[in-house]
Structures are given as C-alpha cells and as structure tokens.
Protein chains: 2
Amino acid sequence: MMLDSETKAVELPEDHGTELRLWLRLLTCTTLIEGEVRSRLRERFDVTLPRFDLMAQLDKVPDGMTLSDLSKRMMVSNGNVTGLVERLVESGHLDRRTSETDRRVQFIRLTKLGRAEFRKMAAEHETWIADIFADLSRKDISELMRLLAKTKASAQRSAKARTP
Amino acid sequence: MMLDSETKAVELPEDHGTELRLWLRLLTCTTLIEGEVRSRLRERFDVTLPRFDLMAQLDKVPDGMTLSDLSKRMMVSNGNVTGLVERLVESGHLDRRTSETDRRVQFIRLTKLGRAEFRKMAAEHETWIADIFADLSRKDISELMRLLAKTKASAQRSAKARTP
DNA sequence: CTGAATCTCTTTAAGCTTCAAGCAATTTGG
DNA sequence: CCAAATTGCTTGAAGCTTAAAGAGATTCAG
C-alpha cells in the first residue's frame, strides 16, 4: 500500500518558503530602486516616474504610437494611460493626432519640447542607474540578466496557464 | 600633455546601457509578478495587494506593531499606512490601541478574524508564488537570492550616498 | 449587407500613494 | 524647568492605478 506522502492524494502543505523569500527579495530590490529613482526625478526635474516612463516609451519611436501600444508596453491599464497622456499633452510634452484610416486610434508623439526635456532627464537617469548597480561585477550583471529572463518566462507561463 | 579621455576632466558620456537594461528587466519581472498576484488576490479573496501586504507584516508578530514600524517595513509613506489601517480596522481585520507609556503611539494588531482570513490567503498565495517561480532550479533560486542581496546592498549604498 | 463581435479609447468609482504641512506628545540640551 | 528639536501620527491636495462599464468605429461571419 502506498503512503499519502507518496501518492499526493492528500494535499500536504509543501515547503515553498524559498520561492516566497525570493519573491520578497525581488520586490524589496525593485521597491528600493524605484523609490530612489522616483525621488531623484522629482528632486532634480520635478517630474513623476510614470510620466518619465511614458516619455521613455515614446522616445524609442520617431512617429509615435497608439494608446494601446503604450498601455501594453508600460504594463498598465488603458484608462491609466488616458490620464497620463492627457496631463502630458496639457503640459506641452506630447502631441496627439487621430489616425486617418481608423478613427478610433490616436497616435501619440513627443513634441520637440518633450523630446528635448526627456533626453536631458534620460542622460542623468542613466548615470543614477549605473551608480545604483555599481557594486555588481560584469559577471554578476550578465548572470542576473539571464536569471531574470528565466524568471520572466516562468512567470508568463504561470500567468498564461491561469488565463488561457 | 594628457588627453581628456584619460583625465576625465571632460565628462564623456559613458556606456551604462547594460545597467539600464538590467534595471528594466528587473522592473518588468516585478511588475509582471505583482500584477499576477494582485489579480489572483482580487479574484480569489476580493482583497487588494496593499491590504494583504500589511496583514502579512502583522502576522509575523503576535502583539502588533506601530504605524511607523509598518511604514518602514512596507517601505511606504506614513500617511499611506494611516489610510490602509483605517480601512482594515473598519472591516474588522485590525485592532488598534494607544500605547500607555507614549500617547502618540498606536499599536496595531490583527484581530482573530483578520488573522484567520490572512492565514487562509497566505497559504494559497504561497502556492501561487511557487508556481510562478516553478521553472527555476534550486541553483537558480539560490543564485538569484545571492545576486539580489548584492543588488540591494548596492542600491542602499547609492541611496545613502545621496542622502547622508 | 447586416448583425454580432471586436477593438480603441474614455469615463467613473474606489482605492492607493506621495509629499508637505500640521498637531500633539515626548525627548533633549541648556 | 523650559524652549527647541524630534517623534508619531494625521490631514489635504494632487496624482497614480485598477476594474468595470460604456461609446464609437471597425471587422467579420453568414
């Protein structure tokens, strides 16, 4: 006769403490760095992190992108992007025009001002990040990159399995 | 005569692309997992992630802790905790009493209900996390733990250097 | 062609979050 | 003891965020 611990017919509480600790550590790191970047952006340029992130997405493309694209890339909700874009258009950093072939679609671009300001911020931002990670060796960094890629893939697999 | 590239008297734009990519990947991983946990918590228990996090902090200690402790451990602002606690007291999950030796201080505890509900959620939560990280080997996990510890230390060093 | 489904975006309500200012209690340095 | 600084918490304004519902435009299947 087989034992429960072998058959798993009975759900024994397994030990997943290591995974949980890993998740908490990952979260701590991100929160710490995010907070640091957030306060430097505010202090130095009086800009919020979400606005900076949005402009960073737009800076990658010359001709702008749609709200949906932005929302997918930033991994936030559609309604969220609507509000952010609204405020950035208001402040003169963005430019919006409706697609001529599909009147549902709005193309969003950085204005000249928006791009200039973003470039200035981005240059400094890059040095902050470099400093924040400065104690990691090249090998540490490439190893972290590899493991995080694996983590991302694993998380996506898990998410997809739940919502097919 | 020395060259600028040797003296660094002139700030040349150095390449910090790898650090930036690492940061973006770290952020993507965290956002992805956080979103997944958030929707499972809502779907399964109709609870928000911040409330879950707050209860998780309180579950670790039997006699409760102060609002300041909570705010430090959760790495969020004081005012934020005030609101969260208020809503959780309202819903009967938390309990607050003023310190007898220092009337500024409030001790916050889980109620019986709060602890029971949290334990139920936490058990399931742990299995979600285990599944999310399931494609990582033991070695991957311990390596990630090590590298993230190093990252955290580096980020703290950088933050401290700015705000002494 | 037409009705249904889908897509893009906006709106709304509720809640989260920060920063800064402020209040009250305690501690500290004369 | 007392004024000043510090500490613990709350409040208010602004902005971020989500989920859900909905409006308008396009696409698709029959």
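In what follows, chains carry the letters A, B, and so on, assigned in the order in which the sequence lines appear, proteins first and then strands, with residues in each chain numbered from 1. On a predicted model such as this, the values are computed, not experimentally measured, just so you know.
- Checked against ring-ring contact (aromatic ring centres under 6.0 Å, His included), A/F118 has the following partners two or more places apart in sequence or in another chain: A/F52.
- Between A/R97 atom CZ and C/dT8 atom C1' there is a gap of 16 Å when expressed in whole angstrom units.
- We find that CG of A/L49 is positioned 15 Å from C1' of C/dC19, with the value rounded to whole Å.
- Sorted by first and then second residue, the ring pair (Phe, Tyr, Trp, His ring centres under 6.0 Å) pairs with a member in residues 126-162 of chain A form an empty list; sequence neighbours excluded.
- Regarding A/D102, its CG atom lies at a distance of 8 Å from the P atom of C/dC9, rounded to whole Å.
- By the side chain to side chain donor-acceptor pair (under 3.5 Å) test, B/E100 is found to be paired with no residue, residues two or more places apart in sequence or in another chain being considered.
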In B/S/- notation (B base, S sugar-phosphate only, - none; protein heavy atoms under 4.0 Å), nucleotides 9-18 of chain D written 5' to 3' is BBB---SSSB

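- What separates CG of B/L70 from C1' of C/dT17 is a distance of 16 Å, to the nearest Å.
- Summarising the geometry, the separation between CG on B/L54 and C1' on C/dT17 is reported as 14 Å, rounded to the nearest angstrom.
- One can place CZ of B/F52 at 18 Å from C1' of C/dG15, the figure rounded to the nearest angstrom.
- Side-chain N/O atoms of A/S68 and A/T66 include no donor and acceptor closer than 3.5 Å.
- Rounded to an integer number of Å, the gap from CD of A/E36 to P of C/dT18 is 14 Å.
- Sorted by first then second residue, the ring pair (Phe, Tyr, Trp, His ring centres under 6.0 Å) pairs that include residues 60-91 of chain B, not counting sequence neighbours, number zero.
- No engagement by A/S71 is indicated, since no non-hydrogen atom pair under 4.0 Å with the nucleic acid exists.
- Residue pairs meeting the ring pair (Phe, Tyr, Trp, His ring centres under 6.0 Å) criterion with at least one partner in residues 72-98 of chain B, sequence neighbours excluded, do not occur; the list is empty.
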